[in-house]
Amino acid sequence: MNTNVHNSGLNPAQHAAVNHGSGPVLVIAGAGSGKTRTLVYRMAHLLGQGIAPESILLLTFTRKAAQEMLWRAGQLTDDSSNRIMGGTFHATANILLRQYGHFLGLGARFSIIDRGDAEGIINLIKSSLGLSGAGKRFPSKRIIMNFISGSINKSRTIDDLVYESSPHLSEFVEDFHSIRQHYDQFKLDHGLMDYDDLLVNWQRLLTESPEAKEMICNRFQYILVDEYQDTNLIQAHIIRLLASNHDNVMVVGDDSQSIYSFRGADFYNIMRFEQQFPGAEVITLEENYRSTQPILELTNAVIRNAEEKFTKSLFSNIEGDIRPTLYTAKNEAAEARYIVKTIRELRNQDIPVNEIAVLFRSGFHSYKLEMEMTSNYLSFEKRGGMKLTESAHIKDVLAFFRILVNPWDNLSWNRILLQLDKVGPKTAQKIIAFIKESDTPTSALANFTPGKTWKEGFGKLVQIITEIDKPELTPSAVYDKVMEYYLPIFEKIYYDDYPKRRKELDQISALVSGYGDIQSFVDDTTLDPPENTDVQAGQDGEDRIILSTIHSAKGLEWDVVFVMGLAEGRFPHQNATPGPQWEEERRLLYVAATRAKKHLYLTYPTELVAADRQHIRTGMSPYLREIPQGLYVKDEIDKRPAYMQQSSPEPAFQSTRKKQSARTTYATGGVVKHPYFGIGRVVSILGPQRVEVAFDRHGTKILHLDYANLETIES
DNA sequence: AGAACTATGTTTTTT
DNA sequence: ACATAGTTCT
């Protein structure tokens with residue numbers, strides 16, 4: 001193996017980390033200081049020392065990050081075999097539990113549930129306990145889930161959490177406890193594990209089973225952890241246990257980039273590291289290799305006012321004297337226009353499109369911008385917000401895969417049965433109760449006697465389940481058969497926006513073909529849900545501008561970064577309370593701004609539209625107000641000549657949803673064109689937003705004008 | 001009683 | 001675009 005690792009242009013601090021012998025190391029590294037690079041070289045160094053790849057464990061924040069790092073380490077060592085184990089805590093827990101879970105008496109068959117599933121269970125319990133009829137005052141499933149999950153990954157009691165964060169809910173504490181008990185029992189009964197269970201059971205593996213602990217600890221001799229500030233107490237404990245034989249742990253983190261406390265992350269883990277691992281070497285990386293000095297000066301100003309005292313002050317040697325730009329927009333539409341206009345100018349300066357990103361606090365803050373970009377033919381990719389696997393039709397399809405992996409997965413059975421016409425929640429539960437008694441629920445389904453009205457649909461279901469319940473089938477083969485069954489149902493349920501959803505199903509088809517076994521397909525789609533990339537604007541292979549929530553932008557960088565929606569009430573988030581939450585929002589802005597390499601644009605609207613369509617005037621985010629004025633320049637588009645303010649003329653047929661009135665736009669007998677169904681004739685107008693259209697080849701459909709995107713051919 | 005339909009409300013961030 | 005509550009249909 002080659003060792004040109006030594007001539008790699010690392011700075012002395014990075015070099016010290018990479019070449020560290022054995023024993024614990026804490027690397028405190030600022031934004032853009034080459035954290036990832038350091039870890040990659042560290043892996044290469046270990047391999048160069050003759051350490052077996054199998055004995056290295058790399059834990060990162062996303063699976064993608066791990067794959068990227070492993071690939072780069074492989075490049076450095078000319079070893080592409082990639083036998084280093086690397087991934088997220090949760091994915092690693094999944095693998096280890098499937099291998100060693102029997103030491104805890106865990107069944108081999110368990111399936112992993114995401115947050116949506118968990119909330120679904122909470123809801124079932126809520127109604128079975130008679131809590132949902134109690135009026136709106138009873139807290140929503142999401143809030144309940146926060147307390148249950150929080151009590152695990154923050155290592156606190158539900159009572160404490162309620163008292164601290166929402167004292168007005170304390171009257172419900174008993175109900176929360178009861179719901180939690182039922183929730184835990186439900187998961188046990190149906191072989192389900194949520195994200196918290198994965199970590200807790202990994203921890204149990206290391207504390208309750210000496211055999212498992214020995215096997216795992218002997219297996220991994222070197223532990224590397226990225227983004228350590230985002231670990232929670234359980235994860236820190238797991239690291240401590242994993243390394244109990246050898247203390248060969250390197251953790252890398254940045255306390256000023258901790259933005260995940262809402263799910264239990266505790267950046268004090270960094271401060272505690274030296275107590276947990278006495279004698280740990282501490283290395284600080286302060287040089288920034290990403291951003292120009294003017295950008296750093298602004299980001300340093302953002303973080304300077306933090307209540308916690310952070311240790312680092314970043315400096316950069318990168319040339320560049322362009323100060324960040326601040327733009328104050330009249331409203332959200334003007335903000336979107338400004339961003340689009342500026343992107344165009346940048347593109348004319350030959351800045352590649354894939355070096356531009358727009359970041360925001362919450363998924364819906366970009367809606368206006370998405371519309372503006374679509375009508376200007378700028379293609380974009382949105383990250384954060386809804387995941388592909390969170391939409392109903394995708395879940396419908398995945399449910400078939402999940403019952404194959406775990407036939408006791410009640411949730412998935414429920415989904416599948418509810419697709420049948422004339423079968424509702426009650427009937428579904430009856431069927432599930434019946435098949436649950438059997439050793440092989442999938443084949444027991446055929447023995448259930450269906451009701452008269454839904455006998456036919458049920459027969460088809462039994463047939464398809466029998467067909468796919470064969471271990472020798474590949475995931476792709478299962479997918480094809482499932483679609484054969486599901487498509488007619490699908491078309492009926494989602495007649496409104498059939499084409500768009502259909503495209504998403506095709507994405508799943510592409511995804512499933514990459515898997516050899518169903519188990520790993522199901523696990524991966526839950527642990528690492530694919531983004532729902534909006535492909536409607538732009539073709540495949542075309543570079544797209546990234547629109548992303550700040551959380552999803554973590555660890556990435558672009559030449560040009562816009563941070564939008566920096567208005568009071570939007571950033572920090574409306575419900576953020578003074579104290580730790582307020583400080584976390586500040587760090588969030590810090591993370592956003594430090595993604596920029598050359599150009600940073602900060603924008604905010606002075607008027608927001610509330611949920612009730614009221615226009616509310618607002619000012620700039622308090623964090624911006626704290627920044628000395630000399631650190632940015634103000635751009636004033638409104639003072640430019642009028643012709644520059646115009647965005648391009650609207651295309652004749654655009655996909656943005658304009659409010660149309662069926663009665664004024666369409667008439668019975670008119671000819672219309674639908675992007676998927678083709679040419680059709682209006683049969684009747686059913687309401688202000690709904691028309692019934694007879695299509696030449698697809699029969700008669702009822703279309704909702706908000707979604708259907710109809711084009712008038714002849715009225 | 002249970003399914004299906006309609007109107008209304010709402011939206012932090014995510015492994 | 002979803003979830004929920006309230007209403008109507010079978």
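From a predicted model like this one, the values you see are computed outputs, not experimental measurements. Just so we're on the same page: letters track the sequence lines, and every chain starts at 1.
In this pair, A:His573 lays its aromatic ring flat on the base of B:dT12, centres within 5.5 Å and planes under 30 degrees apart. For the pair A:Phe61 and B:dT15, the ring geometry does not qualify as stacking, because the centroid separation below 5.5 Å and plane angle under 30° are not jointly satisfied.
Taking atom NZ of A:Lys554 as the reference point, atom C1' of B:dT12 lies 16 Å away to the nearest angstrom. Between the CD atom of A:Gln229 and the P atom of B:dT15 there is a distance of 15 Å, given to the nearest Å. One can place CD of A:Glu119 at 14 Å from C1' of B:dT10, the figure rounded to the nearest angstrom. The CG-C1' distance, from A:Asn232 to B:dT14, rounds to 13 Å in whole Å. Atom-to-atom, CE of A:Met145 to P of B:dT12 comes out at 16 Å; the value is rounded to the nearest Å. Residue A:Asp396 contributes atom CG, which lies 11 Å from atom P of C:dC2 at whole-angstrom precision. Between A:Glu390 atom CD and C:dA1 atom P there is a gap of 14 Å when expressed in whole angstrom units. If you take NZ of A:Lys387 and C1' of B:dT14, they are 6 Å apart, rounded to a whole angstrom.
Residues A:Asn331 and A:Glu335 bring no donor and acceptor atom of their side chains to less than 3.5 Å of each other.
In this structure, A:Thr549 does not reach the B:dT12 phosphate: none of its side-chain N or O atoms is under 4.0 Å from OP1 or OP2. Taking side-chain N and O atoms only, A:Asn146 has no distance below 4.0 Å to OP1 or OP2 of B:dT12.
Using a 4.0 Å heavy-atom cutoff across all strands shown, A:Asp528 reaches no nucleic acid atom at all.
Residue A:Lys141 has its side chain nearest to C:dA3 when only B:dT14, C:dA3, B:dA3 are considered. In this structure, the nucleotide among B:dT15, C:dC2, B:dT12 sitting nearest to the side chain of A:Glu585 is B:dT12. The side chain of A:Arg263 lies closest to B:dT15 when the candidates are B:dT15, B:dT13, C:dT4. Checking C:dT4, B:dT14, C:dC2 against every side-chain atom of A:Ser552, the shortest atom distance belongs to B:dT14. Which of B:dT15, B:dT14, B:dA4 sits closest to the side chain of A:Phe262 comes down to B:dT14. For A:Ser362, whose side chain is taken as the heavy atoms from C-beta onward, the closest listed nucleotide among B:dT14, B:dT12, B:dT15 is B:dT12. In the set B:dT11, B:dT14, B:dA4, B:dT14 carries the atom at the smallest distance from any side-chain atom of A:Arg115.
Ring planes of A:Phe458 and A:Trp454: perpendicular class, angle over 60° (limits at 30 and 60°).
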task = Carefully, step by step, assess A:Asp226 and A:Thr60 under the rule side chain to side chain donor-acceptor pair (under 3.5 Å).
result = CA-CA 5 Å; A:Asp226 198 7; A:Thr60 58; over 6 Å; no

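In terms of polar N and O atoms assigned as donor or acceptor, the side chain of A:Arg361 comes within less than 3.5 Å of the base of B:dT13 in a complementary pairing.
A salt bridge links A:Glu119 with A:Arg115: at least one charged nitrogen is closer than 4.0 Å to a carboxylate oxygen. Of the charged side-chain nitrogens involved, none lies within less than 4.0 Å of a carboxylate oxygen, so that A:Lys387 and A:Glu390 do not count as a salt-bridged pair. For A:Asp196 and A:Arg263, the salt-bridge test fails: no basic side-chain N is under 4.0 Å from an acidic carboxylate O.
Residues from residues 423-432 of chain A placing a heavy atom under 4.0 Å of any atom in DNA chain B, listed by number, are A:Val423, A:Gly424, A:Pro425, A:Lys426, A:Thr427.
For the pair A:Lys422 and A:Arg501, both in contact range of DNA chain C, the more 5′-proximal nearest nucleotide belongs to A:Arg501.
Contact check for A:Ile546 versus A:Leu556: no side-chain heavy atoms found under the 4.5 Å cut-off. The closest side-chain heavy-atom distance from A:Leu57 to A:Ile84 is not below 4.5 Å.
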